[in-house]
Amino acid sequence: MTGMEAHSRRSEKLRLDFLAIRRMVRDMSTEPDFSTHDLVAHLCLEAGRIMEDTSVEFALTLPEEQQQRTDRLDRLHQAGSDIVALAVAAQALRRRYCLASV
């Protein structure tokens, strides 16, 4: 295969890749189906449940004993990380599918 043929094949592959990407972007920018909206709403609901389930424990004074204090802070960190992860996922879906409000 000559250099010119190789260049021509690479150019054709790039052209086909570009067309596939354009189609994919076009498809993603269309109105999402009902399940996407439900998923975003469910992610937000789940973050709220975590807050509700942990709020009483975290509102209390920290225990005096070191291990109990460490355990409580670990649970706070895990709950916070889970809430952030759910919020990030909901934002990503909202941004990708241009949901006006959830």
Side-chain angles (χ1 to χ4, degrees):
M1 176 183 316
T2 68
M4 189 61 148
E5 289 171 327
H7 177 72
S8 178
R9 281 193 170 173
R10 281 194 300 268
S11 295
E12 180 62 13
K13 176 157 181 6
L14 284 173
R15 186 184 75 75
L16 292 173
D17 289 346
F18 180 72
L19 289 173
I21 290 169
R22 282 183 54 199
R23 233 181 336 240
M24 188 172 58
V25 168
R26 183 193 67 225
D27 291 345
M28 287 185 341
S29 66
T30 60
E31 185 66 28
D33 61 7
F34 188 69
S35 63
T36 303
H37 187 277
D38 280 351
L39 178 56
V40 171
H42 187 74
L43 290 167
C44 294
L45 178 63
E46 192 60 32
R49 286 180 179 149
I50 293 170
M51 286 185 252
E52 186 177 87
D53 292 347
T54 57
S55 64
V56 173
E57 178 183 12
F58 300 137
L60 299 174
T61 306
L62 279 174
E64 293 294 323
E65 201 269 309
Q66 179 66 33
Q67 187 58 51
Q68 289 178 342
R69 192 169 39 237
T70 299
D71 292 345
R72 171 119 30 115
L73 292 174
D74 287 345
R75 287 190 301 276
L76 173 62
H77 182 263
Q78 185 61 62
S81 295
D82 291 349
I83 291 166
V84 168
L86 291 165
V88 166
Q91 280 185 322
L93 286 172
R94 182 191 54 80
R95 187 174 50 251
R96 290 180 58 98
Y97 292 100
C98 303
L99 296 174
S101 63
V102 176

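Keep in mind that the numbers below use all heavy atoms, side chains included, and drop hydrogens, waters and symmetry copies. Throughout, residue positions are numbered sequentially from 1 according to the sequence presented.
Residues near V56 contribute nothing to a hydrophobic cluster around it, because no ILVMFWY side-chain heavy atom sits closer than 4.5 Å to its side chain.
With sequence neighbours left out, R69 forms a salt bridge (Lys or Arg N to Asp or Glu O under 4.0 Å) with no residue at all. With sequence neighbours left out, E46 forms a salt bridge (Lys or Arg N to Asp or Glu O under 4.0 Å) with R49. Under the rule for a side chain to side chain contact (heavy atoms under 4.5 Å, CB included), the partners of E65 that lie at least two apart in sequence or sit in another chain are Q67, Q68. With sequence neighbours left out, L43 forms a side chain to side chain contact (heavy atoms under 4.5 Å, CB included) with L39, L86, A89, A90, L93.
Residue pairs meeting the side chain to side chain donor-acceptor pair (under 3.5 Å) criterion with at least one member in residues 51-62, sequence neighbours excluded, are E57-R75.
Looking at Q78 and D74, their side chains never bring a donor and an acceptor atom within 3.5 Å of each other.
The CD1 atom of I50 sits 10.5 Å away from the CG atom of L45 when rounded to the nearest 0.5 Å. Taken to the nearest 0.5 Å, the OG1 atom of T36 stands 10.5 Å off from the CZ atom of R96.
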Exercise for review: Tell me, with the steps shown, if T70 and Q66 meet side-chain contact (heavy atoms from CB on, under 4.5 Å).
Suggested key: CA-CA 6 Å; T70 299; Q66 179 66 33; 3.3 Å; yes

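Placement of L62 and F58 within a single hydrophobic cluster is found when ILVMFWY residues are connected by side-chain heavy-atom separations under 4.5 Å, directly or transitively.
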